[in-house]
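To keep things clear, I will list the structure first and then write my remarks on it.
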Amino acid sequence: MPSPEGESDMLPGLRATVADSRAKAAATRKRRAAEVEAAERDPVARVLVDLPLAHLDRPFDYLVPAKDAESAVPGVRVKVRFAGQDVDAYVVERAAESDHPGRLAPLRRVVSPEPVLAPEVVALTGAVAERYAGSRADVLRLAVPPRHATTEAKPSAPAPETASAATREAWTGHEPAAAFLAHLTDGGSPRAVWSAAPATDWAAALAEAAAATYASGRGSLLVVPDRRDVDRVDAALTQVLGEGHHVVLTADAGPAARYRDFLAVSRGARRIVLGTRAAAFAPVRDLGLVAIWDDGDDLHAEPRAPYPHAREVLLLRADLQGCGVLVGGFARTVEAQQLLRTGWAREITSPREVLRARARVSVVEAGEREHGARVPRAAYDVLRSATAEGPVLVQSPRAGYLPSLACERCRTPARCAACTGPLQLSGPTDPPRCRWCGQQARDWACGECGHRGLRAPVLGGARTAEELGRSFPGLPVLVSGGDQVRATVPDRPALVVATPGAEPLAAVGYAAVVLLDCWLPLARAELRTDEEALRRWANAAGLVRPGGHVVAVGPAEHPALQALVRWDPAGFAEREAAQRSEAHLPPASRMATIIGTPGAVDDMLTLFSGPEGTEVLGPVPVGDDEDEVRAVVRVPRRLGAALSGALGEVQRLRSARKLEAVRVQVDPFSL
DNA sequence: GTCATGTATCAA
DNA sequence: TGATACATGACC
């Protein structure tokens, strides 16, 4: 029991030792501080340290040495001594005084005078970290590319003085697109959710929106799912504005090129940025518009902690910076629909007559086929007549996309008699088993037609191409998918067989688009199954030329196919939104998953106190791994920020106590 | 993460 | 009692 007098009951020798070491430490600090002459003006630098610890996720104050007075400006990289080690940090602010009661350590070194962390990006990364219950250091690593010294030494070439006049041809048929663009040109910040009509050159439309914003003297940020889309919009921007006004930011560029292009943006030499998800953090000067294309594509979800989604990053940014917003796609996500439901954004869409003129969409039941062929009669007829006019796109779901079985005759997915789970083959000789309950299905009979034969339903693109090639002798068959993705196909009669997402672009659009095996993507038992299926079909159908045919082969009465036939992504999203709302699923609710060892997750849940009304589901084991469990926490949407806050709080607490880490994922893309 | 400090535990 | 392990909290 320590006495109230503190050290008084220590041995005299020990007391001396303690006093001695304290004096020494103080002397060392004094000597260090004395060595450094502080900057005269604003001698305090507020810095963010690059440490992975959640509880250190706040600014720390350091003394600016006089020699760094001019270079240690907000945004520059510095080295600081932190708890005995040299760590990387960013200066975020200079100040005259510090709130820190102790003595300030000096900055060790200004790594470079280049300010790479703009104030608005400081704010954005903070908001993203908060929203995703992650650490700002993690977000900063996504936002600022690694330094490349040689590149930094070179100046960024300025953009040409003048740009070509903005056009708005690609927006024809969309309402109220003209008003939206005019508003951007006038310096306004309109927010829109845009459903593109089939045969729309969406890449050109994005470029025109950027050009309209540019005309007001402001910059734009365009985020697309992948490299192919980047190339498309890249070409469109050059077409609309000419060379040298925009820059492309993608992860696949090398370190030097990536840093060079980043600097061109951060220095203000380029104010139009196009890129994939990480570009959402780009420090565009005078940001007037953020745009995202096909926000339902899972490539927009960052796979690294804290797993931010590009759409959410852009929306947070729009809130912080008050810029315009464009969320576009052929399909529409429930999240985008939510922006309309709440009145936050306006809708841009096409009148019925435009849609009718753009594409004739029909659906054919898979049963209406001949000789067990994969393509029913009606679809063949469309193929035959369209191939006389130009290329025809055939979308064929990827082999291995779903390892489940279907009825050999009518192709209804085979379901377990006990629990209605999907049946799958586990080995070449074993009887099929249920994927959910594991029960063997020896005497299976189709619930629809009574047939007893089963088949592995998926033909790869290659098999489809082979089958179709035989039916259309003499016609070139081009295949795109897997690691052989074609960007474009020439405007000549041909069959173009592609897996979803790998559809090439045809110069003037496809004469027809045929979607095979549409029941297949609908047979998955996941959160966004229908939405994802419709998105993939719509993206293929969108490639049709004006007036072309779209034929889907599948269950005609299914709501997703109905939405395709009526080209009604809005109605579909609205219906999905209502269903999700009923089932308390996002975006009606804010959800988060907590994954880790059973002990760590239990512990996390004990420490966690969410807002009033928080539901905790699980934890349940994840996959086959017995060492990992997952818990789901859920609150009504309006409490989303509180949930994120509470999760972040526990993460900080656990990090400070050095407890075993758990993975927290807010709004996970899939469950 | 490192470092310093405080508290618990145990053999001698 | 002293040596040691372990927990806790600060870190500018």
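The shown structure was predicted, so the numbers you read here are calculated from the model rather than taken from an experiment. Each chain gets a letter, A, B and so on, in the order its sequence line appears, and its residues count up from 1.
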Provide, to the nearest angstrom, the distance between the [atom1] atom belonging to [X] and the [atom2] atom belonging to [N].
{"X": "A:H100", "N": "C:dC12", "atom1": "NE2", "atom2": "C1'", "answer": "4 Å"}
{"X": "A:L104", "N": "C:dC11", "atom1": "CG", "atom2": "P", "answer": "11 Å"}
{"X": "A:R81", "N": "C:dC12", "atom1": "CZ", "atom2": "C1'", "answer": "14 Å"}
{"X": "A:D99", "N": "C:dC11", "atom1": "CG", "atom2": "P", "answer": "14 Å"}
{"X": "A:L51", "N": "B:dC3", "atom1": "CG", "atom2": "P", "answer": "13 Å"}
{"X": "A:Q85", "N": "C:dC12", "atom1": "CD", "atom2": "P", "answer": "11 Å"}
{"X": "A:L53", "N": "B:dG1", "atom1": "CG", "atom2": "P", "answer": "6 Å"}
{"X": "A:E93", "N": "C:dC12", "atom1": "CD", "atom2": "P", "answer": "19 Å"}

Parallel, tilted or perpendicular: rings of A:H309 and A:H300 (30°, 60°): tilted
A:R535: partners by salt bridge (Lys or Arg N to Asp or Glu O under 4.0 Å), with sequence neighbours left out: A:D294, A:D297, A:E532
Those residues that, when tested against A:D68, pass salt bridge (Lys or Arg N to Asp or Glu O under 4.0 Å) (two or more places apart): none
A:K79 bridged to A:D88 by N-O distance under 4.0 Å: yes
Under-4.0 Å salt bridge between A:R141 and A:E302: no
Under 3.5 Å: donor-acceptor pair, side chain of A:R654, backbone of A:E660: yes
Sugar-phosphate, base or nothing in reach of A:F82, heavy atoms under 4.0 Å: base
Grab the N/O contacts between the protein and nucleotides 6-10 of chain C below 3.5 Å, and write none if there aren't any.
unit_1, atom_1, unit_2, atom_2, d
C:dG9, O6, A:K658, NZ, 2.6

